[in-house]
Amino acid sequence: AAAAAAAAAAAAGGGRVHVMQIHIDLKLVMKLSMIVFFMSQGASTTKLMIYIAVATVIYLQQTGALDGITRRLFGDAAGAGGGAGAGAGGG
């Protein structure tokens, strides 16, 4: 509540306000958790940590959290996703 009040005060004074929303995709979290659970049966601790790290990166990529980093590394064309997709007119 204090952060919202501070943001409203900054907006009223003409200051720049940056709002960040966090959305958690529970269905994707459950899918990745189950994959890690089944793949790590009898695995060493190191392998389990690797599975968790890979699942985390996949989650961040699937939810779009890595879009900014991808754009910085590979330019705007990487985030645009252009090309001939479904519905692209080819006349």
Side-chain angles (χ1 to χ4, degrees):
R16 189 175 253 186
V17 178
H18 180 74
V19 178
M20 178 183 231
Q21 294 182 353
I22 298 174
H23 299 279
I24 298 175
D25 187 353
L26 292 177
K27 187 175 178 182
L28 181 58
V29 168
M30 291 305 294
K31 285 180 183 179
L32 291 171
S33 299
M34 293 307 291
I35 289 171
V36 168
F37 175 75
F38 287 120
M39 289 186 69
S40 64
Q41 294 287 319
S44 66
T45 305
T46 306
K47 238 182 189 177
L48 176 62
M49 292 302 147
I50 291 171
Y51 289 146
I52 292 171
V54 168
T56 303
V57 170
I58 290 171
Y59 176 81
L60 292 173
Q61 188 274 330
Q62 289 290 315
T63 56
L66 297 179
D67 286 347
I69 295 171
T70 305
R71 261 185 262 119
R72 281 192 185 139
L73 291 176
F74 303 110
D76 287 336

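Reckoned from all heavy atoms, side chains included, excluding hydrogens, waters and symmetry mates.
A continuous path of hydrophobic side-chain contacts links I69 to Y59 [ILVMFWY only; heavy atoms under 4.5 Å]. Under a hydrophobic clustering in which Ile, Leu, Val, Met, Phe, Trp and Tyr are joined whenever their side-chain heavy atoms come within less than 4.5 Å, directly or via other members, I58 and L60 fall into the same cluster.
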Show the atom names and distances, to 0.1 Å, of all donor-acceptor pairs under 3.5 Å that link a side chain in residues 24-35 to residues at least two apart or in another chain.
from : atom 1 : to  : atom 2 : distance (Å)
D25  : OD1    : K27 : N      : 3.4
D25  : OD1    : L28 : N      : 3.4
S33  : OG     : V29 : O      : 2.7

Would you be so kind as to tabulate the donor-acceptor pairs closer than 3.5 Å made by side chains of residues 36-48, with sequence neighbours excluded?
from : atom 1 : to  : atom 2 : distance (Å)
S40  : OG     : V36 : O      : 2.7
S40  : OG     : F37 : O      : 3.3
Q41  : NE2    : F37 : O      : 3.1
S44  : OG     : K47 : N      : 3.3

